[in-house]
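Here's the structure, in structure tokens; my notes come after.
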Amino acid sequence: MFKNIILKITYFFMITFIYLANVSANTIEANFVYVGDEGNSALLGVKQGLKEANLQGQFLNQKYNLDVISSAKVTEHDFSGYIAILTAVDINTYKALTSTHPGMPVFNLSINDDDLRAECINNALHTIPSLRMKSDAEKQWKKKEADSAAHAQAWHHDFKKFAARDLNKRFKKNHKIEMDDYAWAGWAAVKMTSDTVARTNIVNASEMLNYLKQDLVFDGQKGSNMNFRETGQLRQLMLLIENNKIVAEAPVRGVAKPPTLDSLGTLSCEK
Amino acid sequence: MKFANILILSAVFIFNSVSAEPTGRIFVTNERDDTLTVINGSTLDVETTIEIGERPRGIGLSPDGSELYVAVSEENKIRVVDPVSLKILRDFEAGSDPETFAVHPNGNVYVSNEDEAKASAFNPKTGEMLVEIQVGLEPEGVAISPDGKRVIVTSESTNMLHVI
């Protein structure tokens with residue numbers, strides 16, 4: 001673009017100060033592993049998150065790496081040294097991973113099963129919404145618009161609020177397809193982890209798990225108030241979609257009880 | 001006068017400029033309408049609305065008040081307007097997706113290039129690019145210290161200030 005202009009790319013003359021707490025001068029490396037199908041859009045979201053984490057990380061001497069393995073390779077793979085496991089797998093493989101690596105955050109990017117939430121697995125982090133969250137959102141909307149055929153999604157490529165427009169734009173530019181629920185779930189898992197590393201310098205998996213469950217407040221381009229329930233489910237805004245257009249957001253104002261994100265999905269652990 | 005139809009991104013108040021004749025006007029870029037609204041600063045009536053270019057966002061004045069700059073993001077340019085006659089004087093390339101900018105006391109313009117994670121600086125008289133700097137994701141606001149020694153760029157999605 002600037003072939004005719006002599007560019008002075010002044011990395012050597014640039015002084016960039018970073019105003020964040022706990023800045024370390026040593027290089028920190030954090031390693032992720034994705035378990036699942038390489039064709040799943042969740043992996044594209046993970047890769048988008050990784051690219052952004054490394055962009056942020058270059059100002060902070062922080063580097064993020066990603067390994068990708070299929071479900072079939074789980075039993076033979078060495079999982080030590082990862083800060084988190086990102087999965088788009090079947091429910092049995094997911095549960096096996098959580099129990100084999102109890103101190104490590106295991107993100108669920110694909111399974112919407114409600115019982116899985118009710119089990120309250122200690123190291124389970126579900127960034128994808130549950131079926132119950134979707135049906136609760138749809139029921140709320142139907143109270144306002146009885147004839148609506150809208151269904152609920154976690155994300156939509158037309159979503160513009162909370163800088164979603166920018167995320168959709170850069171995801172599409174990099175991956176040539178629209179960002180969907182799985183891609184957002186994958187991106188969010190990496191983003192919340194790398195943001196935590198940037199703020200706290202935590203690289204230990206069990207400290208990271210603890211921080212994510214207790215202290216995280218996450219924006220994720222869906223509003224600045226997302227955090228995890230006891231069930232391991234990420235509380236989040238839902239979108240109501242009809243004819244491929246966003247018609248509403250849930251919790252639906254005036255209808256949702258309580259009028260918060262906790263009107264969507266199950267809150268409690270099975271006894 | 002339909003303010004409801006004006007999607008206001010930013011406004012510049014022009015009172016008592018240093019050497020150019022003060023116009024008392026308020027200028028507003030309308031990002032989705034591709035226009036610049038000119039408002040009388042005393043009566044608050046809209047004087048006129050001019051076509052300014054594709055996706056106008058950042059707006060600023062030269063230090064002497066003689067030139068108004070508007071970033072037209074989709075064209076990757078900054079357009080230069082006479083704030084008195086409202087004539088478009090010229091434009092210059094301003095990097096990819098220029099969003100906001102600040103005018104340095106020396107007259108140079110420091111720009112955030114939103115979709116490229118970069119900030120850049122230009123001489124607005126010649127259009128020459130002076131420097132291009134890597135910053136964080138989705139750079140947005142640009143500010144310059146009154147002594148001109150520091151330029152600060154925010155990167156919205158990496159949650160940082162870059163002090164240059």
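As the structure is a computational prediction, the values presented were derived from the model and not from experiment. Any value given below was found using the heavy atoms of this structure, including those in side chains, with hydrogens, waters and symmetry copies removed. Note on naming: letters A, B, ... go to the chains in the order of the sequence lines (proteins, then strands), and numbering restarts at 1 for each one.
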Scan Glu52(A), Gln56(A), Gln58(A) and name whichever one has a side chain to side chain contact (heavy atoms under 4.5 Å, CB included) with Thr158(B).
Gln56(A)
Could you grab the distance from atom CD of Glu156(B) to atom CG of Asp166(A), nearest 0.5 Å is fine?
5.5 Å
I'd like to know whether CZ of Arg90(B) has more than 12 heavy-atom contacts from other residues, nucleotides or ligands below 6.0 angstrom.
yes
Heavy atoms of other groups near Tyr110(B) OH, more than 12 under 6.0 Å
yes
Determine whether more than 12 heavy atoms belonging to other residues, nucleotides or ligands lie under 6.0 Å from atom CG of Asn106(B).
yes
With only heavy atoms counted, which part of Ser155(B) is less than 4.5 Å from chain A, the side chain, the backbone, both or neither?
neither
Tell me, yes or no, whether the heavy-atom count around Glu38(A) atom CD, taken from other residues, nucleotides or ligands under 6.0 Å, exceeds 12.
no
CD-CZ distance between Gln134(B) and Phe59(A), expressed to the nearest 0.5 angstrom:
5.5 Å
Could you measure the distance from the CG atom of Asp97(B) to the NZ atom of Lys169(A)? Nearest 0.5 Å is fine.
4.5 Å
Nearest 0.5 angstrom please: Leu60(A) CG to Met160(B) CE, how far?
3.5 Å
At a heavy-atom separation under 4.5 Å, does Asp219(A) approach chain B through its side chain, its backbone, both, or neither?
neither
Would you say that Arg170(A) contacts Ser157(B) through its side chain, given a criterion of any heavy-atom pair below 4.5 Å between the two side chains?
yes
Roughly how far, to the nearest 0.5 Å, is NZ of Lys173(A) from CG of Asp115(B)?
4.5 Å
In short, Leu55(A) meets Gly136(B) closest at the heavy-atom pair CD2-C, 4.3 Å
